[in-house]
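Scope of the values below: all heavy atoms of this structure, side chains included, with no hydrogens, waters or symmetry mates. Numbering of residues begins at 1 and proceeds along the displayed sequence. Note that ligands are numbered from 1 as they come in the structure, with each ligand's atoms numbered from 1 the same way.
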Amino acid sequence: MKRSIRDLVNLEGKRVFLRADFNLPMDKVGRITDTTRVINELPTIRYLLQRGAKLIICSHLGRPKGFDFRLSMWPISLILMKYFPGKVQFSEKIIGPQVKEQIENMSNGSILLLENVRFYKEEEENEPNFAKELASLADIYVNDAFGVAHRKHASTFGVARLLPNAIGFLMENEIKTISEAIENPKRPFVAIFGGAKVQDKIKAILNIAKSADVIMVGGAMAYSFLMAKGFTVGRSMANTESVQTAEKIIKELDEMGKRLLIPIDHVAYMFGDKKEKTFVVETLSGEMVGADIGPQTIKLFEDEIKEARQVIWNGPLGKYEDPKFQEGTFQIAKRIAHSQAYSIVGGGDSVSAVKQARCMRMINHISTGGGATLKLLGGESLPGIEVIQEKYI
Ligand code: ADP
Ligand code: 3PG
Ligand code: MG
């Protein structure tokens, strides 16, 4: 078990470098559209402030190439100020004398939010001198950035090796909940996969399959499975590589004796028809493009979910961004939310879909991670977690 902030003593006056994941979703003009990741970070921040720490918070935002004012952390400091009035300052610099001076002037129990760490290319390179500079800002390192724990960057990995370290509450909760669900599932355990990225999700599917009783596949991913099983899919999204991957998954699930459910009908449109006219079909052929699971599939999936005691869901079941193709995703979200099953939802789009379906509160665990959640579900080790010291050493 990893050392957590609960194991840290004498925090009064200590400089704590907190790596958070404040990579918040933004709309086209750069306005923040969702603050869940800040809200989920509040317990860790409060805990450290109450113990008199000087909190230096570091995060990335987006994927900038060098400085980009549209991806500044400044607006996020305004959000923090709402929760901690009079206690938050912002630093345009991340390393160097200016930020060091700001830290020297900090009072106990206050926050300094650093600018976007990805403005420095050394961050993603995990450049040793940059990590050393970051380490020189603080006495203790805390990683609570679960969403970015699968990246071996200076602020998630390099700096952690140079300071006494621990994980925060958010990270602790994610690891505990997800590991427990995989290792000790309540049965029947149903795993639902959708979305577009078969390649990215293959390890997660195969690892979850070891403990799940039923695997259900929808979304764009389903067409690769249908093709692998010899069905036509018209012009729906699939490619040779993804079909080969699906074949591999089908074979392995077969060998494990696991049940795999794939769509039996679809909501489709004609290619080139601007998606205006939609229709339901059992077989996709010719110029048809599948964009959502159909009503019989919804029923098929719902019947399984009704019986389930645990459900893990990653990936929307249709092009849910378009109201014409959101029925499958929203119905399944509602069914999971109202079921007796312990439910976990992970993935940026999946969480956003659950939110749009107004089911957030009824899901037991909403994971803040995308890639990180999948890796953890896939049984892979995450550098940002690995680097933290074990509890009893
Ligand atoms: P998550 O972010 O939850 O891990 P993904 O990023 O893998 O999910 O997939 C989400 C994307 O998959 C959405 O943009 C959605 O429009 C797309 N998608 C789902 N079903 C289909 C489909 N039938 N055809 C094309 N795209 C789809
Ligand atoms: C996320 O939003 O999934 C994390 O913040 C990681 O972001 P990244 O994929 O740009 O590393
Ligand atoms: Mg996504």
(request) Decide yes or no for Thr35 and Ile76: does some side-chain heavy atom of the first lie under 4.5 Å from some side-chain heavy atom of the second? (result) no
(message) In this structure, does ligand 1 have an atom that sits under 4.0 Å from one of the heavy atoms of Gly318?
(response) yes
(request) Identify, by name, the N, O or S atom of Asp349 lying closest to the Mg ion (ligand 3). (result) OD2
(message) Please work out, at 4.0 Å between heavy atoms, whether the side chain, the backbone, both, or neither of Leu374 comes within that distance of ligand 1.
(response) neither
(request) Could you check Ile336, Asn364, Val345, Ile332 and say which one makes a side chain to side chain contact (heavy atoms under 4.5 Å, CB included) with Val311? (result) Ile336
(message) I'd like to check which ligand 2 atoms, numbered from 1 as shown, lie under 4.0 Å from a non-hydrogen atom of Asp21.
(response) 4 (C), 5 (O)
(request) For atom CE of Met362, decide whether the heavy atoms of other residues, nucleotides or ligands shown that lie under 6.0 angstrom number more than 12. (result) yes
(message) Can you report which non-hydrogen protein atom sits closest to atom 9 (O) of ligand 1, along with the distance?
(response) Gly195 CA, 3.2 Å
(request) Below 4.0 angstrom from a heavy atom of Ser350, which ligand 1 atoms are there? Numbered from 1 as shown, please. (result) 1 (P), 3 (O)
(request) If the plane angle is over 60° it's perpendicular, under 30° parallel, otherwise tilted; pick one for Phe67 and Phe119. (result) perpendicular
(request) Tell me which protein heavy atom sits closest to atom 26 (N) of ligand 1, plus the residue, atom name and distance to 0.1 Å. (result) Lys319 CG, 3.6 Å
(message) Tell me whether Phe325 reaches ligand 1 (any heavy atom closer than 4.0 angstrom to a ligand atom).
(response) no
(message) Could you identify the single nearest non-hydrogen protein atom to atom 7 (O) of ligand 2 and state the distance to 0.1 Å?
(response) His60 NE2, 3.3 Å
(message) Is the ring pair Phe330/Tyr320 parallel, tilted or perpendicular, if the boundaries are 30 and 60 degrees?
(response) tilted
(message) Between Gln199 and Ser242, is the side chain to side chain donor-acceptor pair (under 3.5 Å) condition met? List the steps.
(response) CA-CA 7 Å; Gln199 235 55 32; Ser242 64; 5.6 Å; no
(message) Show the atoms of ligand 2 that are less than 4.0 angstrom away from any heavy atom in Arg118.
(response) 8 (P), 10 (O), 11 (O)
(message) Distance under 4.0 Å to a non-hydrogen atom of Asn314: what atoms of ligand 1 satisfy this?
(response) 4 (O)
(request) Among all protein heavy atoms, pick out the one at the shortest distance from atom 11 (O) of ligand 2; state its residue, atom name and that distance to 0.1 Å. (result) Arg151 NE, 2.6 Å
(message) Give me the nearest non-hydrogen protein atom to atom 21 (C) of ligand 1 as residue plus atom name, then the distance to 0.1 Å.
(response) Ala220 N, 3.3 Å
(request) For Gly219, take its heavy atoms, then give the atoms of ligand 1 lying under 4.0 Å from any of them. (result) 20 (N), 23 (N)
(request) Measure the distance from atom 7 (O) of ligand 1 to every protein heavy atom, then report the residue, atom name and distance (to 0.1 Å) of the closest one. (result) Lys201 NZ, 2.8 Å
(request) Using non-hydrogen atoms of the residue, decide whether His153 is closer than 4.0 angstrom to ligand 2. (result) no
(request) Considering heavy atoms of the protein only, find what lies nearest to atom 6 (C) of ligand 2 and give residue, atom and distance to 0.1 Å. (result) Gly147 O, 3.6 Å
(message) Looking at ligand 2, is there an atom of it that comes within less than 4.0 Å of some heavy atom belonging to Glu124?
(response) no
(request) Output the list of atoms in ligand 1 that are nearer than 4.0 Å to some heavy atom of Met237, sorted by atom number. (result) 25 (C), 26 (N)
(message) Looking only at protein heavy atoms, which one is nearest to atom 8 (P) of ligand 2, and what is the separation?
(response) Arg63 NH2, 3.5 Å
(request) Taking only heavy atoms of Lys197 into account, list the atoms of ligand 1 that are under 4.0 Å away from them. (result) 5 (P), 6 (O), 7 (O)
(request) Run the numbers for me: atoms of ligand 1, each under 4.0 Å from some heavy atom of Ala291, listed by number. (result) 23 (N)
(message) Considering both backbone and side-chain atoms of Asp292, is one of its nitrogen or oxygen atoms within less than 3.5 Å of a nitrogen or oxygen in ligand 1?
(response) no
(request) Look at atom 14 (O) of ligand 1 and say which protein heavy atom is nearest, naming residue and atom and giving the distance to 0.1 Å. (result) Glu321 OE2, 2.5 Å
(message) As an exercise, identify every atom of ligand 1 less than 4.0 angstrom from a heavy atom of Tyr223.
(response) 23 (N)
(message) A cation-pi test, strictly: NZ or CZ of Arg37 under 6.0 Å from the centre of the six-membered ring of Phe22 and no more than 45 degrees from its axis. Yes or no?
(response) no
(request) Report yes or no: is the cationic atom of Lys319 (NZ for Lys, CZ for Arg) closer than 6.0 Å to the six-membered ring centre of Phe325, at no more than 45° off its axis? (result) no
(message) What I want to check is whether the side chains of Lys87 and Ser107 have a donor and an acceptor closer together than 3.5 Å.
(response) no
(request) State if Met221 counts as touching ligand 1 under the rule of any non-hydrogen atom under 4.0 Å. (result) no
(request) Flag this pair as yes if the NZ/CZ of Arg51 is under 6.0 angstrom from the six-membered ring centre of Tyr47 and inside a 45 degree cone about the axis; otherwise no. (result) yes
(message) Among all the protein's non-hydrogen atoms, which is closest to atom 3 (O) of ligand 2, and how far away is it?
(response) Arg37 NH2, 3.7 Å
